[in-house]
J.: 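Here it is, the structure, as structure tokens.
Remember, it's a predicted structure, so these values are computed and weren't measured experimentally. The chains referred to below are lettered A, B, ... by the order of the sequence lines, with proteins before strands, and numbering in each begins at 1. All heavy atoms count here, side chains included; hydrogens, waters and symmetry mates do not.
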Protein chains: 4
Amino acid sequence: MAKKTPETEIKQKIYLSARKLFVEKGYHRTSIPDIVKDAGVSIGAIYHHFSSKEELARVIHEDAVESFLSRYQLYVDSQRTALGKIRGFVELMLSWADEDLITVNYLLHARPKEILDCNFTICTAEGLEAVKKIVEFGQKEGTFKDADQILLAAFISGPVMRLIELKTDGIITQPLSSIIDTTTQLIFDALKK
Amino acid sequence: MAKKTPETEIKQKIYLSARKLFVEKGYHRTSIPDIVKDAGVSIGAIYHHFSSKEELARVIHEDAVESFLSRYQLYVDSQRTALGKIRGFVELMLSWADEDLITVNYLLHARPKEILDCNFTICTAEGLEAVKKIVEFGQKEGTFKDADQILLAAFISGPVMRLIELKTDGIITQPLSSIIDTTTQLIFDALKK
Amino acid sequence: MAKKTPETEIKQKIYLSARKLFVEKGYHRTSIPDIVKDAGVSIGAIYHHFSSKEELARVIHEDAVESFLSRYQLYVDSQRTALGKIRGFVELMLSWADEDLITVNYLLHARPKEILDCNFTICTAEGLEAVKKIVEFGQKEGTFKDADQILLAAFISGPVMRLIELKTDGIITQPLSSIIDTTTQLIFDALKK
Amino acid sequence: MAKKTPETEIKQKIYLSARKLFVEKGYHRTSIPDIVKDAGVSIGAIYHHFSSKEELARVIHEDAVESFLSRYQLYVDSQRTALGKIRGFVELMLSWADEDLITVNYLLHARPKEILDCNFTICTAEGLEAVKKIVEFGQKEGTFKDADQILLAAFISGPVMRLIELKTDGIITQPLSSIIDTTTQLIFDALKK
DNA sequence: AATGAATGAGATTTCATTCAT
DNA sequence: TATGAATGAAATCTCATTCAT
């Protein structure tokens with residue numbers, strides 16, 4: 001498992017409650033007392049383990065990015081064809097969302113702008129780089145269209161993100177893993193020459 | 001012009017400053033004093049024109065939805081082919097984003113959950129319905145695949161939303177209207193039989 | 001009256017309560033709720049008039065310094081002999097302490113170090129300069145000893161400050177103005193050639 | 001040596017760091033974590049050796065008083081003339097300040113009001129008594145003026161305290177022991193008949 | 001003796017909102 | 001209409017202290 005888990009049991013409880021509440025209610029509508037209630041710990045314990053509410057959000061976010069990147073290696077880098085890589089990416093995201101919708105949503109929606117003054121769009125940036133690498137590979141392979149890489153990348157991440165959103169909003173009810181194949185095919189249809 | 005414009009100059013100033021700040025910093029990080037400063041009006045003026053901060057957000061949001069729907073009629077409903085409707089939708093969104101990125105972002109990102117307790121997911125709901133109508137049309141026409149409508153809809157809205165995000169983040173620098181044709185083509189390639 | 005008085009009645013109440021409490025209990029043992037209770041105003045009113053507790057202390061302090069300087073002009077600068085200036089200084093401090101022990105104590109004891117990170121020892125600095133000017137004058141006049149100016153200055157301010165402290169602590173019970181003459185004489189005996 | 005030194009090395013470290021920080025930043029701005037950092041010990045160690053932060057302050061203070069009193073015996077009580085006693089007091093204070101400015105400042109400035117609810121003005125009280133004894137001696141001897149004893153006492157302690165303050169603030173840079181003679185002479189000039 | 005995780009009361013400050021003018 | 005002084009609930013965070021190890 002690539003997920004970095006916090007050391008102590010209490011730290012873990014704080015971490016999980018905070019992540020859940022941040023996704024459910026948003027960062028700003030989640031107060032420290034909310035986390036205290038949900039995690040069943042004291043205020044002091046939170047500040048003992050995390051220097052501030054903001055730092056708590058940052059740690060959660062960085063863990064999610066790290067988790068994404070290690071899954072990416074497993075599902076995408078290991079594939080040797082463009083189609084395989086697309087399928088890997090789709091499978092990574094959709095099955096991960098089935099398994100841990102909270103973390104995936106945190107990754108997709110924790111808009112740093114909402115939390116921090118300075119933009120550290122590590123999410124957008126890292127996510128984009130990862131997907132652009134797939135596009136580059138497909139173009140070198142000769143499988144993909146020669147259109148702008150960023151545009152093509154939007155056709156990989158865009159539909160996947162949208163599907164996860166629709167699952168979160170309860171509009172899609174079936175497991176996302178049941179539509180991995182179709183999704184992969186549609187993306188491929190869009191990108192292939 | 002479909003945009004409902006506030007009546008007085010002061011109300012207009014409040015409206016524009018609030019919308020700008022909500023997009024720039026998020027709803028919760030924008031305080032009434034922030035709006036006072038930016039708009040150069042008094043606290044009293046804000047509460048004279050809007051009953052609460054929440055109502056201010058709701059008015060802005062509803063205007064954006066209304067604006068979207070009237071543009072939808074113009075660009076999409078008027079089209080008589082599935083391809084035409086896709087092109088219309090893409091053109092509507094991308095040229096609108098070029099023209100008024102703030103409003104479009106407000107529409108896409110104002111997550112009601114962040115603002116209100118009760119979900120008034122008018123955005124997601126309305127947006128989804130609109131796009132699903134295109135899918136239905138294309139399937140009736142016999143042009144589109146017979147896959148799940150929601151899945152196909154995700155291939156229309158997903159990439160478009162992603163492109164607007166990338167423009168907002170400064171990763172795409174060219175006008176979005178310059179990629180209307182290619183985007184349309186890629187969506188069509190994904191959906192067509 | 002040289003004392004700058006705050007504009008509104010409420011601001012005035014906050015100012016006076018804060019000054020009283022800061023002197024009585026010290027800056028750090030005086031909480032905002034303490035001031036709220038004593039002044040009979042709301043928390044919000046305090047923050048409406050003063051940007052922070054620290055600023056409240058700074059304003060009080062600066063007023064006291066300003067008040068000191070204008071009294072100094074009146075009592076000391078107007079005198080044309082060294083003895084007259086010493087008497088003026090002693091009278092200024094001791095009669096002021098009789099009249100407004102709180103302000104004088106604030107001036108003498110508000111150790112900026114207790115309140116702020118950076119030292120802005122305006123009190124010490126201003127006070128010292130004022131007293132050093134008397135010493136310079138007396139040396140030019142030929143009345144005072146030729147010892148180090150700072151040392152001589154310590155014989156003007158030191159006993160006066162000590163007397164005010166003893167009055168504050170309740171060890172001296174008579175009005176300080178009753179010992180102006182003797183105090184002046186003793187200082188003069190120490191400094192004169 | 002009259003100074004009661006804490007028994008263990010760790011207790012000593014805590015004691016010295018606390019005293020230094022109390023003087024540097026004031027009692028209230030010094031937190032237990034500050035002492036932990038400065039002394040390089042654990043929280044537990046502090047509470048093992050001292051029952052509370054307040055007790056730590058009290059022990060430091062009482063040590064300083066005790067140290068003062070034993071020095072007083074040595075420097076003042078041993079003298080058999082009023083002039084000798086004044087010189088003894090001045091030497092005691094100024095050379096002690098050169099040697100251990102922190103302790104002396106603690107003695108002079110630790111305003112109990114800042115620390116405790118109940119006044120334990122041991123400093124003011126003990127200090128005053130000591131100096132008043134010199135005045136009594138000088139009056140009995142027939143050397144000193146017949147003015148109020150407290151007033152005369154203020155001319156012994158006031159200038160000395162002021163000089164130490166000026167040294168602490170960096171306004172006096174030379175060693176205070178270099179001005180023992182002049183200071184003695186000036187005090188004597190003020191008090192003598 | 002020594003540690004440091006855990007506690008929770010209490011501190012300062014913010015900010016949406018009201019209301020007298 | 002328009003103003004901004006005033007309110008006070010609620011937010012984040014600090015810190016002296018306890019206690020199991």
Side-chain angles (χ1 to χ4, degrees), chain A residues 7-11 13-14 27-36 39-56, chain B residues 7-11 13-14 27-36 40-57, chain C residues 7-11 13-14 27-36 39-56, chain D residues 7-11 13-14 27-36 40-57:
Chain A
E7 305 83 52
T8 73
E9 205 196 332
I10 284 197
K11 189 169 184 179
K13 274 197 217 158
I14 294 166
Y27 175 81
H28 284 101
R29 289 177 60 80
T30 302
S31 70
I32 298 292
D34 287 342
I35 299 169
V36 164
V41 301
S42 68
I43 295 177
I46 294 178
Y47 284 93
H48 183 72
H49 290 291
F50 302 92
S51 66
S52 67
K53 186 182 166 189
E54 193 177 308
E55 219 241 337
L56 182 47
Chain B
E7 303 83 48
T8 73
E9 206 196 333
I10 284 191
K11 189 167 184 180
K13 272 196 216 157
I14 294 165
Y27 175 80
H28 283 100
R29 287 174 64 81
T30 301
S31 69
I32 296 289
D34 286 343
I35 298 170
V36 164
V41 301
S42 69
I43 295 177
I46 294 177
Y47 281 89
H48 181 72
H49 290 291
F50 302 92
S51 67
S52 68
K53 184 183 169 188
E54 195 177 307
E55 216 240 339
L56 182 47
Chain C
E7 304 82 51
T8 73
E9 205 197 333
I10 286 196
K11 189 169 184 179
K13 274 196 218 158
I14 294 166
Y27 175 81
H28 284 99
R29 288 176 62 78
T30 301
S31 71
I32 297 293
D34 287 342
I35 299 170
V36 164
V41 300
S42 69
I43 295 177
I46 295 178
Y47 283 92
H48 182 72
H49 291 290
F50 302 93
S51 66
S52 67
K53 185 183 167 189
E54 192 177 309
E55 220 241 337
L56 182 46
Chain D
E7 305 81 51
T8 72
E9 203 196 336
I10 284 190
K11 189 167 184 179
K13 272 196 216 161
I14 294 166
Y27 175 80
H28 283 100
R29 287 174 64 81
T30 301
S31 69
I32 296 289
D34 286 342
I35 299 170
V36 164
V41 301
S42 69
I43 294 177
I46 294 177
Y47 282 89
H48 182 73
H49 289 291
F50 302 91
S51 68
S52 68
K53 186 183 167 189
E54 195 178 304
E55 216 239 339
L56 182 47

J.: Figure out the OH/C1' separation between D:Y47 and E:dT7, and round it to whole Å.
T.: 13 Å

J.: Let me spell it out: for each of C:G40 and B:A45, pick the nucleotide of DNA chain F with the closest heavy atom. Which residue's pick is nearer the 5' end?
T.: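 That would be B:A45.
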
J.: How close or far is atom C1' of F:dA6 from atom CD of C:E9, stated in whole angstroms?
T.: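 Rounding to the nearest Å, CD of C:E9 and C1' of F:dA6 are 13 Å apart.
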
J.: For E:dA16, give its Watson-Crick or G-U wobble partner with both distances under 3.5 Å, or none.
T.: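 When the pairing criteria are applied, F:dT7 turns out to be the nucleotide that pairs with E:dA16.
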
J.: In whole Å, I'd like the distance from the CG atom of D:D34 to the P atom of F:dA16.
T.: 8 Å

J.: Starting at atom CD1 of D:I32, determine the distance to atom P of E:dG4, rounded to an integer number of angstrom.
T.: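 Atom CD1 in D:I32 sits about 15 Å away from atom P in E:dG4.
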
J.: By nearest nucleotide on DNA chain F, pick out whichever of A:P33 and C:I43 is the more 5' one.
T.: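 Residue closer to the 5' terminus by nearest nucleotide: C:I43.
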
J.: With a 4.5 Å limit on heavy-atom distance, are the side chains of C:H48 and C:I10 in contact?
T.: no

J.: As an exercise, state the distance from CD1 of B:I46 to CD1 of B:I32, rounded to the nearest 0.5 Å.
T.: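 The distance works out to 5.0 Å.
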
J.: Round to a whole Å and report the spacing from NZ of C:K53 to C1' of E:dT14.
T.: 17 Å

J.: Taking the minimum atom-to-atom distance to the side chain of A:S31, which one of E:dA11, E:dT13, F:dA11 wins?
T.: F:dA11

J.: Nearest 0.5 angstrom please: D:R29 CZ to D:S31 OG, how far?
T.: 10.5 Å

J.: Which is true for C:T30 with a 4.0 Å heavy-atom rule: it touches a base, it touches only sugar-phosphate, or it touches nothing?
T.: sugar-phosphate

J.: Got D:Y27 and D:K53 here, is their nearest side-chain heavy-atom distance under 4.5 Å?
T.: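 SC-SC contact between D:Y27 and D:K53 confirmed.
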
J.: Using atom CZ of A:F50 as one end and atom P of E:dA6 as the other, report the distance to the nearest whole Å.
T.: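 Going from A:F50 (CZ) to E:dA6 (P), I get 11 Å.
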
J.: E:dC15 P sits how many Å from B:Y27 OH, rounded?
T.: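 Taking atom P of E:dC15 as the reference, OH of B:Y27 is at 13 Å.
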
J.: Quick one: on DNA chain E, does A:I10 or C:G44 contact a more 5' nucleotide (nearest heavy atom)?
T.: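 Nearest-nucleotide comparison on DNA chain E picks A:I10.
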
J.: Taking only N and O in the side chain of D:H49, is any of them less than 4.0 Å away from OP1 or OP2 of E:dA2?
T.: yes

J.: Working to the nearest 0.5 angstrom, can you tell me the gap between D:I35 CD1 and D:I14 CD1?
T.: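 Reported value, rounded in 0.5 Å steps: 8.5 Å.
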
J.: Tell which nucleotide pairs with F:dT21, taking only Watson-Crick or G-U wobble pairs whose two distances are both under 3.5 angstrom.
T.: E:dA2

J.: Of all the nucleotides listed (F:dT1, E:dG4, F:dC13), which has the minimum atom distance to the side chain of B:H48?
T.: F:dT1

J.: Rounding to an integer number of Å, can you tell me how far C:I46 CD1 sits from F:dT7 P?
T.: 10 Å

